[in-house]
Amino acid sequence: MPDPGRIRNFSIVAHIDHGKTTLSDRILQRCGAVSAREMHEQMLDDMELEQERGITIKARSVTLRYVAKDGLEYTLNLIDTPGHVDFSYEVSRSLAACEGAVLVVDATQGVEAQTLANAYLAIHNNLVIVPVINKIDLPSAEPERAREQIEQVVGIPADDAILTSAKQGIGIEELLERIVRDVPPPRGNPDAPLKALLFDSWYDPYRGVTSLVRIIDGKLEPRTKIRAIGTGLEAEVEEVGVFRPERETVPRLSVGEVGSFWANIKDLHWTRIGDTITEVNRPTAGALEGFAEAKPMVFAGLFPTDADDYGNLREAMDKLRLNDASFTFEPENSTALGFGFRCGFLGLLHMEIVQERLEREFDLDLITTAPGVSYRVITTGGEILEVANPNHLPPPNHIEKMEEPYISSTIITRDDFLGGLLKLSEDRRGVQKSLEYLSSNRVVLTYEFPLNEVVLDFYDKLKSISKGYASFDYEFIGYREGDLVKLDILVNGEPVDALSLIVHREESAPKGRLLAAKMKEIIPRQMFEVIIQAAIGSKIIARETVSAIRKNVIAKCYGGDITRKRKLLEKQKEGKKRMKRVGRVDIPQEAFLAVLKVE
Amino acid sequence: MNEGAAPAGIYVHLPYCRSRCGYCSFVVTTDPSSRTAYLQALDTEAALEAEEASGATFDSLYFGGGTPSLIPPADLARLSNRLRALFDFESGSEITMEANPDDVSGDLARLWSEAGINRVSLGVQSFADRELSAVGRRHDAASARRALSALLDAGLSVSGDLILGLPEQTEESFRASARELAASGVGHVSVYLLETEKSKIIEEDRALRPERYLSDDAQADLWLELGEILARAGLHHYEISNWARSGARARHNEKYWRRVPTLGLGVSAHELWSGRRRANVSGLPAYLDALAAGRRPTALDRPIDAAEEARERIVLGLRLTDGVPEAEIEDWISAEGDSRLAADYAGWREAGWLLSSPGRVRFSERGFLVSNEILCRFV
């Protein structure tokens, strides 16, 4: 049993692309967890998609041995955290298992929005912060400015921040020494009843659910009958282990240790992240505080392009959810798109990742409808409904009022983009809370937005206005009443349910006009006239006409042309097959995301 | 071939051109150096094909290209005699040659006629010089007029081609071209719509300078008007792009739409023979090499099964103004089991794209214009 005095549990947090993953890899390499030869970049990101996108989605942990300059061997548990705003709840639960956090700031970029958000999470969790200024090898590195910004903006001392280049392997030794020196060892009672924080779990197709825990008090070993205090469910531990980074079976996990256990659990929903695990026979007196459950904030319909794939899609979603409890889905039936699912995601990136995993890992071809948020509807009967699908909105005369989710967001930018970003924020119904200069040319903006204004393409717009410089982070702050209406798109008089949107009343007319115009561009001419209308209730607010096709090409068709003609017709047929039909009108798939392309 | 079957046809591809036209997508070459070797190869290929075709009778021969009118008349005569010796041609067979207006002279027309050619398909394209030079044609309207009278004077049966949608073409200039061709004494007219998407230069030009082109709607209106202009001149619509006086239909080309067997000789030539569709290689060197070694230059050879044949009967047959038997279409639709197709078929008839005459279904004139939208559902 390792001496808790020689355990250090820490995470590395950073803004995206500031070098967190490379730094983790260097630490692994230095501690002999991987040799230089077998180290391919980004060891901890083991999902294919994570490696490809260069981001971390699921948190993982690794247990390392480090012999410090004092001659003693320490156990370092490096708990990885995701870097994107969508996954900030995963960051906070990883931090709850740590005593310290390494805060990485890119010496060429300085403090960014997620630097702030992550630093605040660490402070909120009472962690000791070890500041690191990375990428000092780059010619444009300005470590002094980064240091100032950490002190001014984050508000922690940084005069002894460690200068590193993860890429070049500079400063790694110094960082490890600092972790040993500054991060406090875990404290707990080895003889007390088991008390462990469940901070991650995932589904392994061979062994069932793998759960990651941090032991607070007592110990966890095979054949222990355990209970999760929150869910009340019980199981018997089969095996415990640590990741180095390959899984290694150990006899037990004791105070301060981080490791995993298997208990023949087949359903990921048994495990509630943040739950307290204890012994059945000798339960601990107090449960840990736990975390608020990660709630999906963004909703969209996912439909198989080929209706025959519905069963496969359901199966794929079931499997995916075993590994991703924050992804939700329920069946949805659309007249335009057939049978599919209304899915809930943490954010837009999460949505993209889920869609991509479904398409890639399960070989499915999907149509996604425009993302939206979940509204709270108070009916005239006093009922409160959560409505994530515009088509489930009660009739207007049954709605007393509607509330929409709001976020508080932080934008950090160079001040020459300020004008553009202020305009973008005003256009998206943002309310400015503060505007502060970090330095002579860097600004922190705080805005409150209706989430719906942000889910569509705010992030892309922000990046394009600021040429990629501005950074952005947000948190949910609650529901507020809004003057909201349902905007429908009709094609030849028939509403296309998959195109309905909930929008702010003031924006409904311009949005309807833009959407109808966009649809006119997207819907190809057909053999008859197609009329596109935007409507609110029975009131038509925009109308466009796609005139009937009058001619195709009339070409020669003699001996040699017959094969060529056939190929052309086949191509034309394939094109038609990919479209979805509403009434008699063939609508291309891209139309269902048209709302993302207006403006 | 079975006794009593319709006589077959032979197509011969002559890929030589003086220059390449902006809209052309056929296998052609502007380098005449291989011509002697090519004619030799055709002889060899014909001999190989003749073995397979023994017992079959033929009543049409078609020299296409390329620009067959660039081949010296003596060579054409020799080739045509060789083919008539190898294959069993009925007397009165149709022997067609494609020609470019500025290759035609009174003397040549007589020589062609003496070589056994009795029908010439002339690439008039337009009687407006602006339009002709816009697509890089060598000839002008005056040479087209001279060529037409030379051919008619030599007693040849003549078909004239027009293109609708050329750059610089106006409604009035197209009408004028159509009227002039109809009144010129030709017995047959073919009209094609310019396939802008097939030529990058034209496609880009149209995107860049749309004012040089008639709109799609204007072209559609003109095409319908064209039918009336030609009908008044006694030229009757019988295939989507073809009009003829009675008795002057293109006998050879009609075989393609009615699936009558045809042999194809020459580089990239296609044929339908013994229930198979075959095509020759489309590269000239590969073609020459194969025949120099005494091998057939086949690049594609696939059997046509019953389902495929039924499909072809519909897609090709609907090009004709007499259409296809209603039962063939309806059987196909019910075999396909596609409820959307069945509903659409009813809709097309209701909307008048398709018309019924007792037992047969055919396109209406405006239906022809959008026929690809419908035909693509039958592939």
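Naming: A, B, ... by sequence-line order, numbering from 1 per chain.
- Using cut-offs of 30° and 60° on the angle between ring planes, the pair Tyr558(A) and Tyr192(B) is perpendicular.
- When the candidates Arg277(B), Arg319(B), Glu239(B), Lys255(B) are compared by the number of heavy-atom contacts under 4.5 Å with chain A, Arg319(B) comes out ahead.
- Both the backbone and the side chain of Ile549(A) come within contact range of chain B, each with at least one heavy atom under 4.5 Å from a heavy atom of that chain.
- Looking at every heavy atom in both residues, Ile554(A) comes nearest to Phe368(B) through CD1-O, 4.1 Å.
- A salt bridge links Arg525(A) with Asp217(B): the distance from a Lys NZ or Arg NE/NH1/NH2 to an Asp or Glu carboxylate oxygen falls below 4.0 Å.
- Nearest heavy-atom pair, His270(B) versus Gly559(A), reported as atom, atom and distance to 0.1 Å: CB-O, 3.7 Å.
- Atom OG in Ser215(B) sits 9.0 Å away from atom NZ in Lys551(A) (nearest 0.5 Å).
- You'll find the side chain of Arg566(A) stays beyond 4.5 Å of the side chain of Glu312(B), heavy atoms only.
- Under a 4.0 Å N-O distance rule, the pair Asp216(B)/Arg550(A) does not qualify as a salt bridge.
- Side chains of Glu373(B) and Gln572(A): a donor-acceptor N/O pair is present below 3.5 angstrom, by distance only.
- Contact annotation for Leu263(B): neither backbone nor side-chain heavy atoms come within less than 4.5 Å of a heavy atom of chain A.
- More than 12 heavy atoms of other shown residues, nucleotides or ligands fall within 6.0 angstrom of atom CZ in Arg259(B).
- In terms of modelled atom types and a separation under 3.5 Å, the side chain of Asn372(B) and the main chain of Asn552(A) share no donor-acceptor contact.
- Contacts of Arg581(A) with chain B are made by both backbone and side-chain atoms, with heavy-atom separations under 4.5 Å.
- Within the 3.5 Å criterion, the main-chain N or O of Val379(B) finds a donor-acceptor partner in the side chain of Lys573(A).
- Within a 6.0 Å radius of NZ in Lys463(A), other residues, nucleotides and ligands contribute more than 12 heavy atoms.
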TODO: Could you walk me through whether Met527(A) and Trp353(B) pass side-chain contact (heavy atoms from CB on, under 4.5 Å), step by step?
DONE: CA-CA 9 Å; Met527(A) 293 177 70; Trp353(B) 306 112; 3.5 Å; yes

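- When all heavy atoms of Ala555(A) and Ser241(B) are compared, the closest pair comes out as O-OG, 3.7 Å.
- When each of Asp221(B), Leu316(B), Val191(B) is scored by its heavy-atom pairs under 4.5 Å with chain A, the top score falls to Asp221(B).
- Of the atoms belonging to Lys565(A), it is side-chain heavy atoms, and not backbone ones, that fall under 4.5 Å from chain B.
- No more than 12 heavy-atom neighbours from other residues, nucleotides or ligands sit within 6.0 angstrom of CG on Asp363(A).
- For Val315(B), the part lying under 4.5 angstrom from a heavy atom of chain A is the side chain only.
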Task: Stepwise side-chain contact (heavy atoms from CB on, under 4.5 Å) test for Arg340(B) and Asp586(A) - done: CA-CA 11 Å; Arg340(B) 193 187 278 187; Asp586(A) 289 324; 4.1 Å; yes

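- Contacts between Ser190(B) and chain A at a heavy-atom distance below 4.5 Å involve the side chain alone, from C-beta outward.
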